[in-house]
Structures are given as structure tokens and as C-alpha cells.
Amino acid sequence: MEVRVRYAPSPTGLQHIGGVRTALFNYFFARSKGGKFILRVEDTDRERFSEESLKDLYETLEWLGIDWDEGPIKGGAYGPYVQSERSALYREYADKLIAAGKAYHCFCTSERLTELREVQKIEKKNYGYDRHCRNLSTEDVEKKKSEGFSSVIRLKVPLEGETFFDDLLLGRVTRKNRDISPDPVLLKSDGFPTYHLANVVDDHLMKITHILRAQEWIPSGAIHVLLYKAFGWEPPLYCHLPMVMGKDGQKLSKRHGSTSVIDFRKRGYLPEALINYVTMVGWSYDDSREFFTKEELEKLFSLEKINKAPGVFDYKKLEWFNGQYIRRKSEAELVDEVIPYLKKDGIVSENITEREMLIIKNMMTLMAERLHFMSDISELSRFLFHDIGEYTLKDIIPKKMDYEGTIRVLESARELVEGFESRSDEENEELFRKKSEEVKVKLGSMLMPLRVAISGSKVSPPIFGSLRLLGSEKALKRIDHVIELLKEELKKEEENGKQ
RNA sequence: GUCUCCUUCGUCUAGUGGUUAGGACACCGGGUUUUCAUCCCGGCAACAGGGGUUCGACUCCCCUAGGAGAUGCCA
């Protein structure tokens, strides 16, 4: 039998790490089995639905390169794949349940329900609906309806017995029926179905064979099995995935840091790094291998290697993965990646000039190993494109040196910056070494003031490469400017000394 | 409160009765080096606790503890 799985997000917020992890597992499972991956939009919560979330869903999946075989936009034999377009269907199936005595109308107001819950909480009694309307007669229902009271449809959960499902990962999960949420709502008063009804009806109609979803759904599993039984259908196979947690062990959420994929994207994470890392929380291949391309995972993924225990999302490790993937890219690829960030941060012009392009192309070899995120590029390369705003004089002066010494060192270095480009890096290094010996300072003590003068910072890409990219003409101007500043400072100091 | 699930280094994990319990990130040291970074080498560090079963338990069973999730006209 062909494997058919689905990712069924609800467009009520931005796609987050947890959701994407579920999508990935489903996608990889389908691909590894030569089956179908279906996307279904569960937009039955009209209050929280947002167009932006829906857009984000599509963009995120596209960015990650997860394409669905059936689903919205694309279509398929079991559509529509957007639940709000299937409303009539759910009503029809809910009515069937009522006719069969497996569900009932409930007229309780949300005020009553809220009050009920509060009382239960205070009395520390078992929470849940008190089945107030469970035994309303047909006449009662008709009367209420004719009086204009709105109703919901609830599932009649059996009072006795137990319900179980055999989870592919967890084994048999059994619940006594009396422990199941008492009579969950299937059809809301606005006519839209709840998740329970919609997912069961759709999964059955769409011939879904396996349900891979997060473990937070385990408690609902029994409800769903009860629904399948009520309809006389065979439930699909379940596999409840371990949850993704924050550092404190709680369900990953915004307070742990960025959780929406779009945030990672903006920050300059590469999709391949995110895919690789996210898949590794909860799944492993063997005792050593941890780098996988999407294509490899499409072949290698297997349910057997999924871990049962929840996993903590480690931002540090993702960062490391990202650096690794950045360094695996070719210079040409990096150039393409980096340009949007440079434009966005105003480092280069919107219509990149020839000169800018030349620098970008030549700088990547210096930049690549210094990037953890693509967005790091702007701060790192700013000095190549723009003048330096302010110098921190303190940074220019090496340890154990004063203004005079630094000026002397810079003036010596300046001599070598002239004609710098016509010599090789090796030649230049040799010259700088000799020169520093002459001036009787360590090479580092000569290069640091030069570095600050040229880049404006104590931290920069290698100085020779930077000089070459910047051009000696500009470099000389910056050096002269710094020497000037130092001289002014020296003068002030002398005047203060005289007083 | 009740129910369900989970439990190997700080974190992600390998391990399926006999291993010096392996790897990766992080961290700490060292090396390369013109800063930073990269890279290389080394180190620290774990089977939650208690009972069984067994010649032998990280591995199987039970209990306890801890953690998490659910308990919505949200998914």
C-alpha cells in the first residue's frame, strides 16, 4: 500500500521550528517510502486565522525546498485541501454521528463552561465538561433550536471500557474511556469543525496511511480512534514524535528566542543547515554521522531511528551547523547569498556598481570563515565600502606603547603601504617583518595600529587581504588621518603636562 | 487534581545482556596565526534512585522520584 502522509498546519501564526520539524519528518518519511506527502491547511479557527500566516506557510516551505505532492495551489485527487472549503462535509459527517447516536447537540453557553471550569479548579476535581446536554431528548433539542439557541455538536464518549492505539514509536497507548476528555466538541457553533472532527474526516477521505505528529497530541489520540470507530472506519497508523523543547525543558516558545523560521531566515541561516539540524533533534542515523543533505534524508530517513524522549533545541549547535554549511559553499554561491544582506544594510547600492561587485567577489575568501550567519557580512565588510566614522584612539595604541611610538610605527607602515598592491603577500609580509625589526616592535604591534586605521576595528579580516581590497590610495588616506589624530592628541597631552 | 508519555555527559545522541559506555555541540587547556575567525590536538563530563530477573545488567520487569504534555466552541 502506498504511504500517504500529511502536514496539516493551522495558519494562526508564523511557521515555527516545531511545526517544520513535523513537516520534515513527514516529508522524509513519504520520500523514503516512495509515498505521497500532502499539505492540508487547517484553517477552521476563524478567530485566529490570518492571511499572513498562510503566506508565511507557503514561503517557508518553499524556502526549505519542501514540495508537496497534493495540497493547496497544486491540487490533487482528494481536494480541496483547505478545510474552510470543506465545511459542508464536516456538517454532513457530524449529522451522521448524531443520527447514529454517537454525538449530540449541546446548548451550554461558553459562560457556563467557563464557570464550570473555575469551580472544578478550585475544588480540585477532575476537569472537563459535565455532560449536561448529553441526554437531551430529541424534543428538547428541537425546542431549543426553534427558540433560537445556538448549539455545538459533541462526541458521546463511552462511559465504560477503554480505547487504545498502537503507536509505531511508543507501542500501545491505552486510556480508560472515563479518562478521555468528556465529550469534546466536534462542530462549533459557527458551523466549523474542531480539529478532532476535521482531521479524522479528512485523513480518512484523503486516504492518509500514517499520522506523524507531535506527542502533545497523544491525549487526543483516543478521541480520534473513537471517532474512526463511530464512523466505522479503520484508523491510520500513528507515530507520535518527540517534542522540541527550550533550554528549560518546556515546550519551545518565543521566550526561548527566535522560533519562527522566518526569523532564522532573516538572520542569515541557510535552509540546508536548518533542515539538517532540526532533523537531528529527535532522529539520528548512527553513532557518528550528522551531516545530511535534504536529498540524503529523503532516502535515509526511517521511523525506527526516531528517539522517544523530547529534545532541547540548541541554538549554539544550529549556529555551528550554519557555519559549517557556509564554509562548504563556493565563493560564487556565497556572493549570491551575501548580496541581499549588503543591500538591505546599505553597504552597497541597490544597483550594485562594478567596483562594488569586484570587491564582493574578491572579499569572500577572506570573509567566509568568519561568518556564522550570512547577516554577519555587513559589519564585517563595511570598512571596504564606506569611510570609517569614528576611531577609538585607545584601540590604535598597542600595549606598552604611547602616542609617539604609535605614530612612528604607523609612519613606517605607511611607507610599505605605498606600492603595496604591486607586490605579493609574501613579499609584503617579508617587508613588514623587516620593518618592524627596524622600528624594534613586534610584527603584531605594527600591524594592529594599521589594522585599526584601515578597518576601524581591532577585529578585522587579515590585514594584507584587506589592504588589497581597499586599495592603497584609500588606505593611505586613512593612515594619514589617524596619524593626524594621534598628533593632535599628543599635542594636547604635552600641553597638559606643562601645566 | 486526573490521565498519558518520557528519563545515557550541560545539550543532541550511539548503544538493543558481557564495551576502558562511542561521537558531536558547548566549555576548558594547547598548537597554527598579523587581530578575529577557521583549522588541528588534548581535557572535563553521563547510564535518575531502589528493588528484582540473570552467571552477568545502560540494556528486560516492577516501584519511586523527576520532567513534560493534555485536560478549550485552539490546533
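This structure is a prediction, so every number in the text was calculated from the model and none was measured. Below, chains carry the letters A, B, ... as their sequence lines are ordered, and counting in each starts from 1.
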Could you measure between the two [atom1] atoms, the one in [N] and the one in [M], and give it in whole Å?
{"N": "B:U20", "M": "B:U16", "atom1": "P", "value": "14 Å"}
{"N": "B:U35", "M": "B:G42", "atom1": "C1'", "value": "25 Å"}
{"N": "B:G67", "M": "B:G10", "atom1": "C1'", "value": "16 Å"}
{"N": "B:U71", "M": "B:C63", "atom1": "P", "value": "27 Å"}
{"N": "B:C60", "M": "B:C6", "atom1": "P", "value": "12 Å"}
{"N": "B:C28", "M": "B:A68", "atom1": "C1'", "value": "32 Å"}
{"N": "B:A57", "M": "B:G51", "atom1": "P", "value": "12 Å"}
{"N": "B:C12", "M": "B:U7", "atom1": "P", "value": "12 Å"}

Practice prompt. Using only heavy-atom distances, determine whether the side chains of A:H256 and A:D248 contain a donor-acceptor pair under 3.5 Å.
Written response: yes
Would you classify [X] as touching base, sugar-phosphate or nothing, given that sugar-phosphate means primed atoms plus P, OP1 and OP2, and contacts are heavy atoms under 4.0 Å?
{"X": "A:K308", "value": "sugar-phosphate"}
{"X": "A:P193", "value": "sugar-phosphate"}
{"X": "A:K442", "value": "nothing"}
{"X": "A:S460", "value": "base"}

Which nucleotide in the list [options] gets nearest to the side chain of [X]?
{"X": "A:P219", "options": "B:C12, B:G69, B:A14", "answer": "B:G69"}
{"X": "A:L170", "options": "B:U34, B:C73, B:C5", "answer": "B:C5"}
{"X": "A:D314", "options": "B:A24, B:U7, B:C25", "answer": "B:C25"}
{"X": "A:K188", "options": "B:G69, B:G23, B:C73", "answer": "B:C73"}
{"X": "A:Y127", "options": "B:A14, B:U38, B:G1", "answer": "B:G1"}
{"X": "A:L443", "options": "B:G69, B:C3, B:U34", "answer": "B:U34"}
{"X": "A:N307", "options": "B:A14, B:C6, B:C74", "answer": "B:A14"}
{"X": "A:Q250", "options": "B:G69, B:C74, B:G23", "answer": "B:G69"}
{"X": "A:W320", "options": "B:A37, B:U7, B:C25", "answer": "B:C25"}
{"X": "A:V152", "options": "B:U2, B:C73, B:U34", "answer": "B:C73"}

Can you tell me how far [atom2] of [N] sits from [atom1] of [X], to the nearest Å?
{"X": "A:E290", "N": "B:U13", "atom1": "CD", "atom2": "C1'", "value": "9 Å"}
{"X": "A:Q83", "N": "B:C73", "atom1": "CD", "atom2": "P", "value": "18 Å"}
{"X": "A:E118", "N": "B:U71", "atom1": "CD", "atom2": "C1'", "value": "16 Å"}
{"X": "A:I454", "N": "B:C36", "atom1": "CD1", "atom2": "C1'", "value": "16 Å"}
{"X": "A:D395", "N": "B:U35", "atom1": "CG", "atom2": "P", "value": "16 Å"}
{"X": "A:M243", "N": "B:U7", "atom1": "CE", "atom2": "C1'", "value": "16 Å"}
{"X": "A:M448", "N": "B:U33", "atom1": "CE", "atom2": "C1'", "value": "12 Å"}
{"X": "A:E216", "N": "B:U71", "atom1": "CD", "atom2": "P", "value": "9 Å"}

Which nucleotide, if any, forms a Watson-Crick or G-U wobble pair with [N], using both distances under 3.5 Å?
{"N": "B:C36", "value": "none"}
{"N": "B:U59", "value": "none"}
{"N": "B:A45", "value": "none"}
{"N": "B:U2", "value": "B:A70"}

Would you please confirm or rule out a distance under 4.0 Å between OP1 or OP2 of [N] and any side-chain N or O of [X]?
{"X": "A:K305", "N": "B:G15", "result": "yes"}
{"X": "A:T44", "N": "B:A75", "result": "yes"}
{"X": "A:Q324", "N": "B:C39", "result": "yes"}
{"X": "A:R289", "N": "B:G23", "result": "no"}
{"X": "A:R48", "N": "B:A75", "result": "no"}
{"X": "A:R117", "N": "B:U71", "result": "no"}

Item to complete: Would you please classify the geometry between the A:F432 ring and the A:F420 ring as parallel, tilted or perpendicular, with 30° and 60° separating the classes?
Response: perpendicular
Practice prompt. For A:M280 and for A:E429, locate the closest nucleotide of RNA chain B by heavy-atom distance; then report the residue assigned to the nucleotide nearer the 5' terminus.
Written response: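 So the residue in question is A:M280.
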Worksheet entry | Contact nearer the 5' end of RNA chain B, comparing A:W217 with A:R172 |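 Result of the comparison: A:R172.
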Would you say the base of [N] and the side-chain of [X] have a donor-acceptor pair closer than 3.5 Å?
{"X": "A:S189", "N": "B:C73", "result": "yes"}
{"X": "A:R451", "N": "B:U34", "result": "yes"}
{"X": "A:K317", "N": "B:A26", "result": "no"}

Worksheet item: Do other residues, nucleotides or ligands put more than 12 heavy atoms under 6.0 Å from the CZ atom of A:F49?
Response: yes
Worksheet entry | Side-chain ion pair, A:D130 and A:R112, N-O less than 4.0 Å | yes
Worksheet item: Would A:R433 and A:E437 pass as an ion pair if we require N to O under 4.0 Å?
Response: no
Discussion item. Tell me which one of A:W283, A:Y325, A:F321 satisfies ring-ring contact (aromatic ring centres under 6.0 Å, His included) with A:F292.
Written reply: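 Exactly one option meets the ring-ring contact (aromatic ring centres under 6.0 Å, His included) with A:F292, and it is A:W283.
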Worksheet item: Does A:F313 have A:R21 sitting over its ring (NZ/CZ under 6.0 Å from centre, angle to axis within 45°)?
Response: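 Judged by the rule, A:R21 and A:F313 form no cation-pi pair.
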Discussion item. Tell me if a side-chain donor or acceptor on A:R91 pairs with a main-chain N or O of A:G191 at a distance below 3.5 Å.
Written reply: no
Worksheet entry | CA sep, side-chain torsions, deciding dist, call: A:L447, A:F464, side chain to side chain contact (heavy atoms under 4.5 Å, CB included) | CA-CA 10 Å; A:L447 293 182; A:F464 292 164; 4.3 Å; yes
